[in-house]
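Throughout, numbering of the chain's residues begins at 1 and tracks the sequence.
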Amino acid sequence: MPLKEEDIQPGKCYKTKGIENYKVIAMTRGIVTYQTWTSPLRINVGVKQFADAVYKVVPCPK
C-alpha cells in the first residue's frame with residue numbers, strides 16, 4: 001500500500017517495492033528530491049509519484 005503524500009518528509013528514508021531504498025533530501029512546491037542508498041545522484045520527482053513508489057519508512061543508514 002503506497003504512502004500518502006503528506007507522509008513524505010525530508011530527512012527520512014523509505015522502502016520501495018523493489019530492492020531500492022530512498023532518502024528524501026528536500027521537498028519544494030510538490031517536488032521531492034531524493035537519493036537511492038546506492039548512488040550519490042539526486043533525483044527530482046513529483047510527490048504523488050514518489051508516494052506511489054514507496055510503502056514504508058525505514059531507518060536511514062548512518
### Where V47 and V32 come nearest, the two heavy atoms and their spacing
CA-CG2, 3.7 Å
### Query
Is there side-chain contact between E20 and W37, with at least one heavy-atom pair below 4.5 Å?
no
### Task
Quick one: closest heavy-atom pair of T33 and R42, and the distance?
CG2-CB, 4.0 Å
### Residue pair C60 / G11: nearest heavy atoms and the distance that separates them
SG-O, 3.7 Å
### Task
Tell me whether V58 is reachable from Y34 by hopping between hydrophobic residues (I, L, V, M, F, W, Y) whose side-chain heavy atoms are closer than 4.5 Å.
no
### Task
Measure across V24 and P10 and return the closest heavy-atom pair with its distance rounded to 0.1 Å.
CG1-CA, 3.6 Å
### Distance (rounded to the nearest 0.5 Å) between I31 CD1 and F50 CZ
12.5 Å
### Atom pair OG1/OH of T16 and Y55 - distance to nearest 0.5 Å
7.5 Å
### Query
Does Q49 CD have over 12 foreign heavy atoms under 6.0 Å away?
no
### Message
Would you say NZ of K48 has more than 12 non-hydrogen atoms from neighbouring residues, nucleotides or ligands within 6.0 angstrom?
### Response
no
### Message
If I compare all heavy atoms of I25 with all of Q35, which pair ends up nearest, and what's the gap?
### Response
CD1-OE1, 3.3 Å
### Message
Please enumerate all residues that pass side chain to side chain donor-acceptor pair (under 3.5 Å) together with D7, with sequence neighbours excluded.
### Response
none
### Task
Taking side chain to side chain contact (heavy atoms under 4.5 Å, CB included) as the test, write out the residues that go with Q9, two or more places apart.
K12, Y14
